[in-house]
2 protein chains.
Amino acid sequence: MADQSSKKATIYDLSVLSGASASTVSAVLNGTWQKRRISADTADRILSLAKAQRYTTNLQARGLRSSKSGLVGLLVPVYDNRFFSSMAQTFEGQARARGLSPMVVSGRRDPEEERRTVETLIAYSIDALFIAGVTDPDGVHQVCARAGLPHVNIDLPGKLASSVISDNRGGAQVLTEAILRHAAQGGMLSPDDVVLFGGHDDHASRERITGFHAAKNAFFGVESGDDIEITGYSPRMTELAFERFYARESRLPRCLFINSSINFEGLLRFMGRHDGEAFGDIVVGCFDYDPFASFLPFPVYMAKPNASEMLKRGFELLEAAPERPVLQMIEPQLILPRTALVGPLDDIRDPVAPSKSFDQRHG
Amino acid sequence: MADQSSKKATIYDLSVLSGASASTVSAVLNGTWQKRRISADTADRILSLAKAQRYTTNLQARGLRSSKSGLVGLLVPVYDNRFFSSMAQTFEGQARARGLSPMVVSGRRDPEEERRTVETLIAYSIDALFIAGVTDPDGVHQVCARAGLPHVNIDLPGKLASSVISDNRGGAQVLTEAILRHAAQGGMLSPDDVVLFGGHDDHASRERITGFHAAKNAFFGVESGDDIEITGYSPRMTELAFERFYARESRLPRCLFINSSINFEGLLRFMGRHDGEAFGDIVVGCFDYDPFASFLPFPVYMAKPNASEMLKRGFELLEAAPERPVLQMIEPQLILPRTALVGPLDDIRDPVAPSKSFDQRHG
DNA sequence: TGTTATTGCACCATCGATTGTGCAAAAAGG
DNA sequence: CCTTTTTGCACAATCGATGGTGCAATAACA
């Protein structure tokens with residue numbers, strides 16, 4: 001009500017209105033007034049003035065002066081799959097809880113774009129960066145290092161900065177064991193029935209392949225090779241890999257390890273093109289979690305990386321700022337078929353009040 | 001190589017190194033040097049110096065001075081479903097293409113948090129805001145208006161600012177017709193077999209309910225009521241609604257209209273708790289698109305809002321800045337069961353080179 | 001050669017906050 | 001009553017970039 005012009009009030013406006021100096025106003029508003037021995041009277045007066053004028057700090061000005069912006073970045077390759085979007089959601093919550101402003105950006109798996117994007121973030125003086133699923137971690141690291149920007153790698157290892165990663169090998173092994181066990185119930189299994197699709201030459205894929213082979217070799221008692229279809233992280237390439245396999249073998253492998261939900265979409269596209277055919281006898285293990293994928297018309301085992309825990313560790317590492325880069329490993333969770341987990345969505349306040357039956361069931 | 005200290009170079013550093021004044025350096029670096037009649041020689045010299053020193057503009061300083069930050073915000077309720085995460089992905093691309101820095105934030109469907117979040121964005125002097133799926137559009141609008149911040153509503157109507165929305169009524173009608181037609185093939189259908197789950201008292205839900213009823217009434221030739229289960233946008237509430245229905249009727253409705261993929265997750269949770277039972281005879285229509293949902297073991301028709309087009313129109317509206325708020329309507333797309341669409345992911349450069357068979361198939 | 005135009009750039013205030021320092025007035029101590 | 005301490009605040013520099021203005025040096029013209 002007290003604002004006449006539509007311009008935003010500054011400390012100078014409040015200074016004039018209150019009769020105090022701008023530095024006093026500033027101290028009152030940023031909470032350092034006790035340290036500066038401003039009287040409680042003056043502080044109260046200024047605070048209520050600020051409220052009446054709807055004052056809000058210009059964070060660009062503050063950031064410029066104090067070279068702290070209050071922004072934390074999260075760099076993901078892409079948003080639109082459940083893994084990264086759920087990570088973004090969790091990140092936002094954790095950043096806000098620490099009084100920081102989250103800024104999520106995507107590098108689109110292009111080393112050049114990744115660097116440019118990080119440069120931009122740095123140009124806004126972000127205070128810290130979480131790097132998740134980038135193509136060229138060390139390139140990004142160098143950009144950060146030059147700018148003196150604290151950063152951690154999430155779910156991918158970097159030699160140059162601390163990292164929190166999933167146990168890809170162990171997770172893949174457990175996942176592979178699960179699908180082997182399940183598929184074996186459907187009849188005799190041969191090593192050729194068990195194929196991995198997706199990934200490329202990155203750390204996570206290599207580890208998962210190792211885990212996959214470990215489980216497979218243990219199961220069959222023989223070394224097996226030629227069971228990996230590298231497709232990158234692209235639905236289209238994965239679809240083509242499935243088409244090739246199908247053209248060659250006239251069927252899908254009975255037991256499929258799929259490297260990520262993005263690759264899984266490639267399988268969906270393949271299936272969409274083969275509409276009449278049933279693929280009821282396949283068993284899929286996917287290193288990722290998506291609730292809808294879990295209910296597909298064939299058994300889908302999933303390994304869910306613990307994004308929430310990884311981010312939490314990431315924040316801790318940033319605060320601790322260890323001398324030398326450390327690497328922490330977090331276990332992914334094996335998710336059985338037909339499982340719809342609760343997620344970050346469930347933390348949000350519900351606009352519809354809990355009903356009676358809610359209390360009855362969960363009381 | 002030329003950077004000794006780890007501090008970032010400023011125009012003053014370049015000024016000293018080049019012998020030119022800071023204002024000259026500034027003009028050269030921001031491209032206004034022709035207007036300021038700086039010689040090409042000087043400009044070249046400064047530009048190569050800047051490159052050598054890895055100079056990048058401090059965008060906080062620029063923003064402070066010019067009260068333009070280059071930031072555009074997108075406010076979504078939550079990230080982690082395909083609709084909003086895909087919207088975020090598209091938004092990022094479109095913003096970058098316009099030379100802007102996208103900032104995606106979530107308001108978590110809490111009016112208070114929505115306002116706070118927008119206040120924060122304003123404090124960073126963002127230049128424009130896209131508001132998508134907020135609980136209290138007009139509250140957010142007032143915050144924007146006070147700050148003189150240009151903004152548009154995406155996929156939700158607001159009386160106070162321009163909006164680009166989906167044709168919820170028409171889309172729902174088409175979707176309902178599709179599931180009715182499909183379900184009718186499975187035998188005689190009664191109005192009681194056709195139920196809508198999800199939504200609450202917001203514009204989109206009301207419109208969808210209207211479209212749902214229009215299609216249903218046309219199909220059965222009678223007015224039908226008591227076929228709406230309001231659950232909010234919460235998986236848990238939706239799950240409970242299904243449980244209640246199931247407890248009452250000992251079955252699911254044969255023909256289900258689900259208001260959004262978030263509500264659909266509630267159905268998954270219900271199904272996860274009823275593991276042995278088959279729900280093979282149901283037909284689902286969901287006002288949202290998710291590729292995995294499209295391949296579930298029952299027919300799933302989906303209506304996909306055209307986020308990309310809505311955002312494009314949003315940018316256009318911001319540029320045109322019409323006198324009075326306008327409202328534009330975009331048709332959603334009906335997606336048949338077992339369809340895996342290409343999406344923003346397919347625009348990104350693929351790290352794995354196209355193989356021979358790729359060329360063969362698409363050549 | 002003298003005068004006007006043009007070129008090429010430097011100077012300086014400014015955006016809105018933060019923070020080290022200094023200095024009166026009031027309070028405390030002797 | 002005089003000195004020392006404490007209280008309460010104002011002043012001014014600063015963060016890095018922008019853009020209006022002014023002023024030499026050079027070029028163009030008569």
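Computed from a prediction, not measured in an experiment: that's the story for all the values here. Naming: A, B, ... by sequence-line order, numbering from 1 per chain.
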- Task: Starting at atom OH of B:Y12, determine the distance to atom P of C:dC12, rounded to an integer number of angstrom.
- Result: 13 Å
- Quantify the bending of the helix from C:dT1-D:dA30 to C:dG30-D:dC1 as the angle between its end axes, each fitted on five pairs, to 10°. 50°
- Query: Could you state the CZ-P distance from A:R36 to C:dC23, rounded to the nearest angstrom?
  - Reply: 16 Å
- Pair of N/O donor and acceptor under 3.5 Å linking D:dG16 base with A:R65 side chain: no
- Message: From the set C:dA17, D:dG8, C:dA10, return the single nucleotide nearest to any side-chain atom of A:R37.
- Response: D:dG8
Sequence neighbours excluded and cut-off under 3.5 Å, please list the side-chain donor-acceptor pairs for residues 66-75 of chain B, or say none.
residue	atom	partner	partner atom	Å
B:S66	OG	B:R62	O	2.6
B:S69	OG	B:L71	N	3.1
B:S69	OG	B:S125	O	2.5

- Task: Look at A:N30 and C:dA17 and indicate whether a side-chain polar atom (N or O) is within less than 4.0 Å of OP1 or OP2.
- Result: no
- What does A:T32 touch in the nucleic acid at a heavy-atom separation under 4.0 angstrom: a base, only the sugar-phosphate, or nothing? nothing
- Message: At 4.0 Å (heavy atoms only), tell me whether B:S23 reaches a base, stays on the sugar-phosphate, or touches nothing.
- Response: base
- Hey, does B:S26 reach any base, or is it just sugar-phosphate, or nothing, if we go heavy atoms under 4.0 Å? base
- Task: Measure the distance from CG on A:D41 to C1' on D:dC9 and round it to the nearest whole Å.
- Result: 14 Å
- Query: Taking atom C1' of C:dC15 as reference, at what distance in whole Å does atom CD of A:Q60 sit?
  - Reply: 10 Å
- Query: Rounded to the Å, how far apart are A:Q34 CD and D:dT6 C1'?
  - Reply: 16 Å
- Task: Write down the atom of A:R109, the atom of A:G133, and the distance for their closest heavy-atom approach.
- Result: NH1-O, 4.2 Å
- Please report, rounded to the nearest Å, how far the P atom of C:dA17 is from the CZ atom of A:R62. 9 Å
- Note on the structure: In short, B:C144 meets B:L129 closest at the heavy-atom pair SG-CD2, 3.8 Å
- Summary of ring pair (Phe, Tyr, Trp, His ring centres under 6.0 Å) pairs that have at least one residue in residues 104-134 of chain B, sequence neighbours excluded: B:F91-B:F130, B:F130-B:F315
- Message: What is the separation between atom CG on B:N58 and atom P on D:dC15, rounded to the nearest whole Å?
- Response: 12 Å
- Message: Against B:V134, only a single residue in B:L156, B:V118, B:V76 fulfils side chain to side chain contact (heavy atoms under 4.5 Å, CB included); can you say which?
- Response: B:L156
- Message: Within the 4.0 Å heavy-atom criterion, would you say A:A27 contacts the bases, only the backbone, or no part of the nucleic acid?
- Response: nothing
- Item | Any donor-acceptor N/O pair, B:N81 side chain to B:F84 backbone, under 3.5 Å | yes
- Item | Length of the line joining B:L14:CG and C:dA10:P, which is rounded to integer Å | 13 Å
- Using modelled atom types only, decide if a donor and an acceptor are shared between the side chain of B:H151 and the backbone of B:L149 within a distance under 3.5 Å. yes
